Amino acid sequence: MLHDFRNEAYTDFSKPENRQKQEEALKLVASQSSRVYPLYIDGKDVTTGKFIKSYNPSHTSQLVGTFHKAGQAEVDLAMDAALRAFEKWRLVSPRERAIVLLKAAQIMRRRRFEVNAWMITEIGKSWNEAEADMAEAIDFLDFYAREMLRWSEIKGTVPFPNEFPELSYIPLGVGAVIPPWNFPMAILTGMASAAIVTGNTVLLKPASDTPCIGYLLVEIMKEAGLPPGVLNFIPGSGAEIGDHIVAHPKTRFISFTGSKEVGLHINQLAAQLSPGQIWIKRVIAEMGGKDTIVVDSETNLEEAATAVVASAFGFQGQKCSACSRLILVEDIYEPFIAMIVEKTKKLTVGAPELPTTYMGPVANQGSEEKILSYIEMGKKDGRLMCGGAKAPGDGYYIQPTIFADIKPGTPLDQEEIFGPVLAVIKAKNFQQALELANATEFGLTAAVWTNNRYKIEEAKKRVHVGNLYINRKCTGAMVGVHPFGGFNMSGTDSKAGGMDYLGLFMQAKSVSERLI
Ligand code: NAP
Ligand code: MG
């Protein structure tokens, strides 16, 4: 019997034996930098002779791995394989499909230190951030396996005289799964496994910054016994092959997580009919955020300050849920800023392979340039309280940066920066703070800190985001506990890790037999 879903417990790195295992895994990953990886299509390795190189953002000249790169021909090859595999996989019982995910979760548990090491090396996660990402990936596998069993038992009809009505949920077809680099194991695994367990087959295009982590899931799924053609791995540049994947007439759905710009482009392209296409493509798009924490005077300021700093600077602020706007009521404005500045100055920035590092590098040179340009804007539009420059090292290190006195409507208040930059905004009172919290085009996460019951109730009703937290940080959603996904320009209102999610990958078929 399968036990109820439980979130995966985190490794305790204060124990020397765990630290040692993590160190060994980091050495293993470092020793594999000269590996050249193939595409994986129809259960076979495929090479193209054109390459993507993955570098370590903490030591920018260090190669992490080299990948054969998919072009349009390989997309077409993968599509043919996925179409063929769909004819068999769609008929496999939900139970058998769920077992593959449960086995994959077990394998990932066994290889957890190695999974962490790839994330520390390829994208600059600290040990604890890597551990949380890996544990979330296990959670998605365990949760969606159980969810598939639940969906397969839903009785969707009422009795009718002389008929046997039934409703069942069937898969859609071949889906494109296009994840971002920022939760390179959790989001990639969650999107791919949800599509697979519901009976679809997949073209997986990993983010170009994190192909090694995508390949690791392919290895794990292979070991878990996923049949050939169900998961096809086609690393390649989104700009070069993305449109071809999305516009392909046989693509039935696109499951995307990434920026607003790319998400909107995919949505638009998917709405256009390609010759030979016989369905309306479904788009599940999880996009950016400009996430706010409101702090009221009637609260525990010390705890609130700790939560703000963790939400703003964990993984260098590169979470879609990261706090990048802090709205403070007037009477605590200066003292609260002093508290977060003091805590921020204690954060360690440096090479993430060291267990003592809190903040590693940002993802790549483009990110670094973009973040530094917002920092320059902040110096004109606000009052620099700490940070404001690159940090030392041979990677893309940026100091955690706080600007006070940012005015509503300016770029630092409105635009997703996706880095360690926090804008502080003053509100006259709690009412105005909630109004300002809602005044962006996004609607992903927010947190409100107050102990006043009337204010809590008001915040719950008025703050329009997909994930609202009261007296807690605005990052760190747990699978099953905090189903995750945003409103407005943050996406198509879906909830990853929630009980509705698998429905997005299926369609309901009603069959009724009349007795004659
Ligand atoms: P991104 O630049 O939009 O890229 C996301 C994925 O889309 C990558 O695999 C990328 O491939 C691919 N892509 C690029 N152009 C494409 C095209 N024309 N057609 C199809 N695919 C294309 O986003 P990112 O920088 O990786 O991730 C950061 C963003 O993700 C932030 O905005 C963040 O808020 C958002 N995010 C949202 C959530 C959520 O749940 N709402 C969660 C995590 C992250 P290449 O890598 O090859 O360019
Ligand atoms: Mg890289």
Side-chain angles (χ1 to χ4, degrees), residues 52-54 57 67 69-72 75 122-123 133 136 140 176-188 190-192 203-211 213-214 233-248 251 254-270 281 283-291 315-324 362-367 370-371 415-419 440-445 465-467 474-475 477 479 482-498 501:
I52 299 183
K53 287 182 184 293
S54 174
F67 278 78
K69 181 176 169 184
Q72 295 194 356
V75 173
E122 192 169 42
I123 201 64
D133 192 324
E136 189 178 350
F140 279 131
V177 171
I178 307 178
W181 49 261
N182 74 326
F183 281 88
M185 194 44 116
I187 293 182
L188 176 139
M191 297 202 312
L203 306 192
L204 171 62
K205 194 214 82 62
S208 294
D209 281 312
T210 50
I213 298 158
F233 180 67
I234 45 169
S237 149
E240 288 169 23
I241 57 168
D243 285 3
H244 187 66
I245 299 171
V246 172
H248 198 294
T251 298
I254 299 109
S255 175
F256 165 83
T257 304
S259 60
K260 176 187 111 182
E261 290 69 26
V262 175
L264 291 179
H265 170 74
I266 287 175
N267 193 45
Q268 190 173 26
L269 189 60
K281 290 175 187 172
V283 176
I284 307 151
E286 297 300 316
M287 307 177 339
K290 186 72 189 175
D291 309 302
F315 189 40
Q316 299 77 270
Q318 301 173 114
K319 300 182 188 180
C320 52
S321 55
C323 173
S324 61
V362 299
N364 53 45
Q365 195 178 346
S367 297
K370 178 177 161 191
I371 296 162
E415 294 169 21
E416 186 180 49
I417 301 170
F418 223 56
T440 80
E441 63 176 350
F442 295 105
L444 191 44
T445 78
V465 293
N467 287 74
C474 67
T475 52
V479 171
H482 314 110
F484 189 82
F487 301 151
N488 296 344
M489 279 300 164
S490 293
T492 48
D493 320 314
S494 60
K495 283 282 180 279
Y501 191 67

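Just so we're clear, the structure is a prediction, and the values are computed from it rather than from any experiment. Whatever order the structure lists ligands and atoms in, that order sets their numbers, starting from 1.
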S.K.: Side chain, backbone, both or neither: which part of F183 comes within less than 4.0 Å of ligand 1 when only heavy atoms are counted?
M.R.: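 It is neither part, as no heavy atom is under 4.0 Å.
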S.K.: Looking only at distances, can you tell me whether any N or O atom of G258, backbone or side chain, sits closer than 3.5 Å to an N or O atom of ligand 1?
M.R.: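 Yes; the residue has a nitrogen or oxygen that sits under 3.5 Å from a nitrogen or oxygen of the ligand.
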S.K.: Select the closest option to atom 1 (P) of ligand 1 among S494, S259, A207, A363, judged by heavy-atom distance.
M.R.: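 Considering heavy atoms of S494, S259, A207, A363, the nearest to atom 1 (P) of ligand 1 sits in S259.
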S.K.: Of S321, A322, P180, P179, which has the heavy atom at the shortest distance from atom 8 (C) of ligand 1?
M.R.: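 Checking each option, the heavy atom nearest atom 8 (C) of ligand 1 is found in P179.
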S.K.: Report the member of F442, F418, F484 with the shortest heavy-atom distance to atom 28 (C) of ligand 1.
M.R.: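 Answer by nearest heavy atom: F418.
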S.K.: Heavy-atom contacts under 4.0 Å between S208 and ligand 1: side chain, backbone, both, or neither?
M.R.: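 Both backbone and side chain.
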S.K.: Can you pull out every salt bridge (Lys or Arg N to Asp or Glu O under 4.0 Å) where at least one residue sits in residues 235-248? Sequence neighbours excluded, please.
M.R.: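 The answer is K69-E240.
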S.K.: So for atom CD, which belongs to E441, do other residues, nucleotides or ligands contribute more than 12 heavy atoms lying within a distance under 6.0 Å?
M.R.: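 Enclosed.
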S.K.: Is the shortest N/O to N/O distance between N182 and ligand 1 below 3.5 Å?
M.R.: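 Min N/O separation from ligand 1 is not below 3.5 Å for N182.
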S.K.: How close does the nearest protein non-hydrogen atom get to atom 17 (C) of ligand 1, and which residue and atom is it?
M.R.: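 Answer, as residue, atom name and distance: G238 O, 3.5 Å.
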S.K.: Would you mind running through ligand 1 and noting each atom that sits below 4.0 Å from a heavy atom of G236?
M.R.: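 The list of qualifying atoms is 47 (O).
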S.K.: Between S321 (side chain only) and T475 (backbone N and O only), is there a donor and an acceptor less than 3.5 Å apart?
M.R.: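 Not confirmed, S321 side chain does not pair with T475 backbone.
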S.K.: Return yes or no for this condition: an N or O of I178 is under 3.5 Å from an N or O of ligand 1.
M.R.: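 For ligand 1, there is no N or O atom that lies under 3.5 Å from one belonging to I178.
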S.K.: Contact between ligand 1 and G486 is defined here as a heavy atom of the residue under 4.0 Å from a ligand atom; is it met?
M.R.: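 Not so, G486 does not reach ligand 1.
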S.K.: Would you say K260 and ligand 1 have an N/O pair spaced under 3.5 Å apart?
M.R.: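 No, no N or O pair falls under 3.5 Å.
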S.K.: Is the backbone N or O of M287 less than 3.5 Å from a side-chain atom of S490, with the two atoms forming a donor-acceptor pair by type?
M.R.: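 A pair under 3.5 Å: no.
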S.K.: Sequence neighbours excluded, which residues qualify as ring-ring contact (aromatic ring centres under 6.0 Å, His included) partners of F67?
M.R.: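 Expected list: Y37.
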S.K.: Give the contacting part of Q318 toward ligand 1: side chain, backbone, both or neither, where contact means a heavy-atom distance below 4.0 Å.
M.R.: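 None of Q318 does.
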S.K.: What residue among L204, V177, I213 forms side chain to side chain contact (heavy atoms under 4.5 Å, CB included) with L188?
M.R.: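 It is L204; the other options fail the test.
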S.K.: Judged on heavy-atom distance to atom 5 (C) of ligand 1, which of L269, V262, T257, V246 sits nearest?
M.R.: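 Residue with the shortest heavy-atom distance to the ligand atom: T257.
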S.K.: Quick one: look up the protein heavy atom nearest atom 20 (C) of ligand 1 and list residue, atom name and how far away it is.
M.R.: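 Ranked first by proximity to atom 20 (C) of ligand 1 is G242 CA, 3.4 Å.
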S.K.: Just by modelled atom types, is the G485 backbone N or O under 3.5 Å from a matching donor or acceptor in the N467 side chain?
M.R.: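 Checking the backbone N and O of G485 against the side chain of N467, a donor-acceptor pair under 3.5 Å is found.
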S.K.: For atom 24 (P) of ligand 1, which protein heavy atom lies nearest, and how many Å away is it?
M.R.: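 Here the nearest protein heavy atom works out to W181 NE1, 3.5 Å.
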S.K.: Nearest protein heavy atom to atom 42 (C) of ligand 1, by residue and atom, and its distance?
M.R.: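 For atom 42 (C) of ligand 1, the nearest protein heavy atom comes out as C320 SG, 2.9 Å.
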S.K.: With heavy atoms only and a cut-off of under 4.0 Å, state how I266 meets ligand 1: side chain, backbone, both or neither.
M.R.: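 Under 4.0 Å from ligand 1, I266 contributes side-chain atoms alone.
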S.K.: How close do T492 and E286 get, heavy atom to heavy atom, and via which atoms?
M.R.: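 Of all heavy-atom pairs spanning T492 and E286, the closest is OG1-OE2, 4.4 Å.
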S.K.: Quick check on contacts: which atoms of ligand 1 are under 4.0 angstrom from a heavy atom of H265?
M.R.: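 Counting from 1, the qualifying ligand atoms are 18 (N).
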S.K.: May I ask you to identify the nearest protein heavy atom to atom 11 (O) of ligand 1, giving residue, atom name and distance to one decimal place in Å?
M.R.: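 The answer is K205 NZ, 3.0 Å.
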S.K.: Does M287 reach ligand 1 with a nitrogen or oxygen that is under 3.5 Å from one of the ligand's nitrogen or oxygen atoms?
M.R.: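 Between M287 and ligand 1 (N or O atoms, distance only) the closest approach is under 3.5 Å.
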S.K.: Quick one: do I187 and F140 satisfy side chain to side chain contact (heavy atoms under 4.5 Å, CB included)? Show the steps, please.
M.R.: CA-CA 9 Å; I187 293 182; F140 279 131; 5.5 Å; no
S.K.: Under 3.5 Å, N or O to N or O, is I187 touching ligand 1 that way?
M.R.: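 So ligand 1 has no N or O lying under 3.5 Å from an N or O of I187.
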S.K.: Pull out every atom of ligand 1 sitting under 4.0 Å from any heavy atom of L444, numbered as shown with elements.
M.R.: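 So the atoms of ligand 1 that pass are 41 (N).
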S.K.: Which residue and atom name correspond to the protein heavy atom nearest atom 18 (N) of ligand 1, and how close is it?
M.R.: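 Scanning the protein heavy atoms, the shortest distance from atom 18 (N) of ligand 1 goes to D243 OD1, 3.3 Å.
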S.K.: Quick one: look up the protein heavy atom nearest atom 32 (O) of ligand 1 and list residue, atom name and how far away it is.
M.R.: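 Closest protein heavy atom to atom 32 (O) of ligand 1: E416 OE1, 2.6 Å.
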S.K.: Hey, could you give me the OG/CD1 distance between S208 and I52, rounded to the nearest 0.5 Å?
M.R.: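 Here the interatomic distance stands at 4.5 Å.
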S.K.: Under 3.5 Å, is there a donor-acceptor pair between the E122 and T210 side chains?
M.R.: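 Not at all, the side chains of E122 and T210 share no donor-acceptor pair under 3.5 Å.
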S.K.: Which of the atoms of ligand 1 are close to S237, meaning less than 4.0 Å from one of its heavy atoms?
M.R.: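 In order of number, 47 (O).
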S.K.: Return the minimal non-hydrogen interatomic distance between C474 and T445, and the atom names on each side.
M.R.: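 For C474 and T445, the tightest heavy-atom pair comes out as O-OG1, 3.3 Å.
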S.K.: So which atom in I245 and which in T251 form the shortest heavy-atom distance, rounded to 0.1 Å?
M.R.: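 Scanning both residues, the minimum pair turns out to be O-OG1, 2.7 Å.
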S.K.: Write down the atom of P211, the atom of F233, and the distance for their closest heavy-atom approach.
M.R.: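 Reported closest heavy-atom pair: O-CZ, 3.7 Å.
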S.K.: Between K281 and V246 (side chain of the first, backbone of the second, donor and acceptor by atom type, cut-off under 3.5 Å), is there such a pair?
M.R.: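 Judged by distance alone, yes, a pair lies under 3.5 Å.
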